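If you read the sequence from its start, that first residue is 1, and numbering goes on from there. Every value quoted in this text rests on a predicted model; they were computed, and no experiment measured them.
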Amino acid sequence: MSGAKVVVQFIAADVGGRTMPACLTQKYRPHFRVGSGEYLGVVFSGDESSEPIQPGICMNADVRFVYAPNVDYGDLVVGAQFQILEGARIVGIGVISELVT
């Protein structure tokens with residue numbers, strides 16, 4: 001399964017983001033969206049020992065593209081800025097730093 005190295009930052013609850021810190025484990029499966037494009041399913045690759053990420057903190061992380069190759073992840077190129085979505089709610093932002101296979 002292909003994926004990427006990303007830098008992410010979660011948005012504080014008082015501006016519409018998460019009310020709880022994000023745990024970037026394999027159980028966390030949000031969507032990424034570049035601009036107004038499609039919702040692209042990802043899964044973070046952290047394990048249960050991963051520390052929760054507080055809003056406002058930038059963090060390096062690894063993600064896998066859940067539906068590749070059946071879904072086109074072509075918008076997620078190096079340097080692409082994306083939104084992190086939980087349902088229709090934007091809870092964070094990020095940038096692709098490296099693609100991995």
So with a 6.0 Å cut-off around CD of Glu38, is the heavy-atom count from everything else above 12?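 Incorrect, the count does not exceed 12.
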
Note, [X] side chain near [Y] side chain (heavy atom, < 4.5 Å):
X: Leu85; Y: Val91; answer: no
X: Lys27; Y: Glu48; answer: yes
X: Val8; Y: Phe82; answer: yes
X: Leu24; Y: Ile53; answer: yes

How long is the span from the [atom1] atom in [X] to the [atom2] atom in [Y], to the nearest 0.5 Å?
X: Leu40; Y: Arg33; atom1: CG; atom2: CZ; value: 10.0 Å
X: Arg64; Y: Ser2; atom1: CZ; atom2: OG; value: 10.5 Å
X: Ile57; Y: Gln9; atom1: CD1; atom2: CD; value: 8.0 Å
X: Ser36; Y: Gln83; atom1: OG; atom2: CD; value: 9.0 Å

Looking at [X] and [Y], would you say the former's side chain and the latter's main chain have a donor-acceptor pair under 3.5 Å?
X: Thr19; Y: Ala13; result: no
X: Tyr67; Y: Asp72; result: no
X: Gln54; Y: Pro21; result: no
X: Arg89; Y: Gly17; result: yes
X: Thr25; Y: Asp47; result: no
X: Arg18; Y: Met20; result: yes

Could you tell me which non-hydrogen atom of [X] sits nearest to which non-hydrogen atom of [Y], and how far apart they are?
X: Ile84; Y: Pro30; result: CG2-CB, 3.8 Å
X: Val78; Y: Glu98; result: CG2-CA, 4.0 Å
X: Val42; Y: Phe32; result: CG2-CE2, 3.6 Å
X: Val34; Y: Asp75; result: CG2-O, 3.6 Å
X: Phe65; Y: Leu76; result: CE2-CD1, 3.7 Å
X: Gly79; Y: Val95; result: O-CG2, 3.6 Å

On the 0 to 90° scale, with breaks at 30° and 60°, tag the Tyr39-His31 ring pair as parallel, tilted or perpendicular.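 Ring orientation of Tyr39 relative to His31: tilted.
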
Hydrophobic cluster identity match, Ile96 and Val66, side-chain contacts under 4.5 Å: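 Same hydrophobic cluster.
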
Hydrophobic cluster membership, with links at side-chain heavy-atom distances under 4.5 Å among I/L/V/M/F/W/Y: are Val71 and Phe44 in one?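 The answer is yes; both residues are in one hydrophobic cluster.
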
Before giving the answer on side-chain hydrogen bond (donor to acceptor under 3.5 Å, both in side chains), spell out for Glu86 and Tyr28 the whole-Å C-alpha distance, their side-chain angles and the decisive distance to 0.1 Å. CA-CA 10 Å; Glu86 294 177 356; Tyr28 185 51; 2.7 Å; yes

Can you check side-chain contact (heavy atoms from CB on, under 4.5 Å) on Ile11 and Ile90, steps first, answer last? CA-CA 8 Å; Ile11 299 168; Ile90 299 169; 3.9 Å; yes

